[in-house]
There are 2 protein chains.
Amino acid sequence: MKKKITIKEIAKILMVSVSTVSKAMNDSPEISEKTKKKVKELAKFYGYVPNHIAVSLKNQSTFNIGVIIPDIQNSFLAEVLKNIEVHAKKNGYRIITFFTGEKLKEERESLNILSNGMVEGIIVCPSEETFVERQFEHFKNIAETTPIVTFDRLHKELNFNSVSVDDDQSILKACAHFQETDAKNVLFVSSIGWLSVGKTRRRTFTSFIESESSLSGETIEEHELEDLRQKIEERLTDSSQPKVDAILGADIESTIIANAIIAKNKLKLIDEISLIGYVNKKHNELQHPRVSYINQFPEKVGEQAVELLIKNLKEDQKKITQEIIKTAIVVKDTSK
Amino acid sequence: MKKKITIKEIAKILMVSVSTVSKAMNDSPEISEKTKKKVKELAKFYGYVPNHIAVSLKNQSTFNIGVIIPDIQNSFLAEVLKNIEVHAKKNGYRIITFFTGEKLKEERESLNILSNGMVEGIIVCPSEETFVERQFEHFKNIAETTPIVTFDRLHKELNFNSVSVDDDQSILKACAHFQETDAKNVLFVSSIGWLSVGKTRRRTFTSFIESESSLSGETIEEHELEDLRQKIEERLTDSSQPKVDAILGADIESTIIANAIIAKNKLKLIDEISLIGYVNKKHNELQHPRVSYINQFPEKVGEQAVELLIKNLKEDQKKITQEIIKTAIVVKDTSK
DNA sequence: CTGTTAGCGCGTTCAT
DNA sequence: ATGAACGCGCTAACAG
C-alpha cells in the first residue's frame, strides 16, 4: 500500500517550507500565484489530500456528528437516520453511526468513543435497556463535555434537547377515529409491550377505552411474533366472543401481522373490520391493501434533531428544547 | 460546555510530568503502583478519557472502517450494513457510514474524506451513477493508499476484493423453478431497468427464455412505480393476450407491486399465477401471503466484506479475492 | 511574499 | 521510578 503523501514531503520536494505549502493549499492571499500553482500541481500529481485526523486535532473540530441508533432494521429509525445524514451533510457535517442493539453496554461504549474528540455532538435514540435499567448517568457525564440531542424516546431523567413524537396523541387520534367511524370493540395488538413506548401506547389506549362508554377494547401483547399471530388469529376467528371490529397496531410488526390475518381469513375491510397501525411508509404505499396508518414524520424528526444539535454547537445555550412532532392519521384502505 | 480534561492538566494538578500520567494510564510497568493509583483516581474523578483524535494521529491507526452505501432505504443494503457493523465491532472496529444517494459526486467525496486518515479501510457498494458514467478513477486512486472492499455490484474495472451475489444464477434458478412447476408464460417485472443490476437481471431472463422452448416470457420495466403498477395490472387483466402464469420480480418494489395486484384482483396463487421475487425478509415472514423469494444472504455479504477487509488490513496482500455468495430460492406461499 | 516556531493531545524513546 | 524531548500532520501567529 502506497504511503499517503504529506505536506512536509511536498515542501521538501519543492524546497519551500511546510507553512508555504499549507498556505498555498488553503489559498492564502499571502502566497504568490506562481507558488500556489507550483504547489497545487505537485499536490495533485502526488494525490495529496490533507490528513483529516491532523486537521481535526489542530482545529479542535471534526465536523462530525455522532449518531447512535438501537436498530437499523426498525424502519422508522432507518428513515430518521437517513434524514439526519442528509441534513447533516447539508450543513457540512458528516455522521458516524453506531448501533446498540438496544443494549445499555453498547450505548455506553458508543457514547464514550464518540465523545472523545471524534465528533462535535451526538444524536442518540436511547436503547430500551437503558430505560429498563433506569441508567442515565452515562448520558449526563457525556453531556457535560459534548452536546447531546436525544430523539424518539423520552424520559424525565434525560434532560437534553430532544425531538420526539406525540405518541399519546397518535393513539388517542386513532381511537377517536375509530369512534367517529362507529367502531364498537377495538383490539389493541402489540409486540412491543416490553418496550417503554409500547407500555405508554398501551396505557394510553386502555385509559381512553375506560373513559369512553361508547367504545370497548381488548389488548393482546406478545413479544414472540408467532405467538402474537396465533393469539390474534384465535381471537378474531372466535365467534363465541364479542366481535372485534377494529384493530389498533402498536408497532410495525403487529400491524403487518394483523393485516396478514385479515387477508388470510378474508375478513372484509371496513365492513367487518378496520385497521390502523404503524407502517413502513414506502412499503405500505405499494402493497394492497394499503394500511391506514399513524404518520410519525421521520423526516421531520431527523431534520429537527440535526437542527437542534447544530444550533447548540454554534451557541452554547443553557435552556433545553424538547420538541414534539405532531403525528397524523393517514387514512388508506383499511379504515373509513 | 465543560472542557474535556487532558493528560497535561492532570499532570499539572499532580505535579508530575505528562509522560508519567500517560504511562500510568496505560499501566506501564515503569510506574509505581502508588503513582498509578493516584493518577487513575484523579483521572476518574475528572472523567478523563484519552482524545481519540490525538491517539489516532499518534498511532497512525484509527480502528475505524468506512462504509459507503447508496441508499439506506434499500432493505438489502440496510441489512448488509447492520451486519458489517456487528462484525466490525466483533473485530474491534467501528464503522463510519456515508450515504451517496446513488450519486457519483457524493461517492467521490465520501471516498476522499474517509481515506484521509479517518479510517483504515473502506467497504463500499458503488453507486449507480458510477456505472452509468463509467467513472472508476476515484476508486483506483483511493485504493493506492487505502484498502477497499466493494460489495454487491461488480464491474471489470473494479479490481478490488469484493463480495457479491450470483445474480445471474438467482434469475436462472427462479426461471428453472418456474419451468419445473410447469409454468408456461413468465412475466418479468422490474423498476430497476435503469440500474445495471437491473439490466443484467433482465438480460439473463430474456436469454433464458429464448433458449428454452418450453417457456415463453414477457417483460415490463418502468422506473415510475405507479406506471409500473398500471402496466402490470393491465397486462394481467387483459384476457385477449396469452395468460401469464408466473411473475418474476426483479427487485423489491416490483415484487411488492406484483403481489399487491394479485391480491387486489383476487388471482388464485399457484393455481392461476405464481410469484417469485426479491423481498425484505423480515417483512415477508410476517405478511400474508408470504412471497416466494430469492435469498441473497445479506448477513453473509456483510460478514465476508468485513472479513476480507480485515485480512487485507493485517497482511498487505496483492492477489484480490472476488467472493460470490450463492443465492437460494425460498419457496413460500406464492409458488409451488 | 516566505519562513520559523509553537502547539493541538498523546505515546515513546532516551536520559536521569 | 520519573521526566524531558520529540514527532504524528497540520495551521497560524509572528518575523523577516
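Lettering follows sequence order; numbering is per chain, from 1.
Summarising the geometry, the separation between NZ on Lys12(A) and C1' on dT2(C) is reported as 20 Å, rounded to the nearest angstrom. Between Asn51(A) atom CG and dC10(C) atom C1' the separation is 15 Å, expressed in whole Å. Straight-line distance from the CG atom of Asn116(A) to the C1' atom of dC10(C): 13 Å, rounded to whole Å. Rounded to whole Å, the distance from OH on Tyr48(A) to C1' on dC10(D) is 7 Å. Rounded to whole angstrom, the span from the CD1 atom of Ile53(B) across to the P atom of dC10(C) amounts to 12 Å. We find that CE of Met15(A) is positioned 15 Å from C1' of dT2(C), with the value rounded to whole Å. In this structure, NE2 of His52(B) is placed 16 Å from C1' of dC8(C), rounded to the nearest angstrom. Rounded to a whole Å, the CD1 atom of Ile10(B) is 13 Å from the P atom of dG9(C).
Using a cutoff of 4.0 Å between basic side-chain nitrogens and carboxylate oxygens, Lys300(A) and Glu79(A) are not scored as salt-bridged. Between Lys82(B) and Glu299(B), none of the side-chain N atoms (NZ, or NE/NH1/NH2) sits under 4.0 Å from a carboxylate O, so this pair counts as no salt bridge.
For the pair Asp27(B)/Lys36(B), a side-chain contact is recorded, criterion being any heavy-atom separation below 4.5 Å from C-beta on. In this structure the side chain of Phe160(A) never reaches within 4.5 angstrom of the side chain of Val124(A), judged on heavy atoms.
Counting atom types as modelled, Ser19(A) pairs a side-chain N or O with a base atom of dT4(C) as donor and acceptor under 3.5 Å. Lys4(A) contributes no side-chain N or O that forms a donor-acceptor pair with the base of dG9(D) under 3.5 Å. Applying the 3.5 Å distance criterion, the base of dG3(D) shares a donor-acceptor pair with the side chain of Lys23(B).
Among the atoms of the strands shown, only primed sugar atoms or phosphate atoms (P, OP1, OP2) are found under 4.0 Å from some heavy atom of Thr35(B). Heavy atoms of Lys58(B) sit under 4.0 angstrom from at least one base atom. In this structure, Leu57(B) reaches the bases: a heavy-atom distance under 4.0 Å links it to at least one base atom across the strands shown. Counting any heavy atom pair closer than 4.0 Å across all strands shown, Val16(B) reaches sugar-phosphate atoms only and no base atom.
Comparing dC10(D), dT4(C), dG9(C) by their closest approach to the side chain of Ser17(A) singles out dT4(C). Of all nucleotides listed (dC14(C), dC10(D), dT2(C)), dC14(C) comes nearest to the side chain of Glu30(B). Of the candidate nucleotides dT12(C), dC10(D), dC8(C), dT12(C) has the atom lying nearest to any side-chain atom of Ser22(B).
Residue Lys37(B) places its NZ atom among 12 or fewer non-hydrogen atoms of other residues, nucleotides or ligands, all under 6.0 Å distant.
Side-chain atoms of Thr130(B) and Gln135(B) include no donor-acceptor pair closer than 3.5 Å.
Neither OP1 nor OP2 of dA1(D) sits under 4.0 Å from any side-chain N or O of Lys34(B). Checking the phosphate oxygens (OP1, OP2) of dG9(C), a side-chain nitrogen or oxygen of Gln60(A) falls inside 4.0 Å. Look at Asn26(A) and you'll find a side-chain N or O under 4.0 angstrom from OP1 or OP2 of dT11(D).
Each of Thr20(A) and Ala54(A) was assigned the nucleotide of DNA chain C with the nearest heavy atom; the assignment lying further toward the 5' end belongs to Thr20(A). Along DNA chain D, the nucleotide closest to Val55(A) and the one closest to Pro29(B) are compared, and the more 5′ of them pairs with Pro29(B). Positionally, the nearest nucleotide of DNA chain C for Ser28(A) lies more toward the 5' end than for the other of Val18(A) and Ser28(A).
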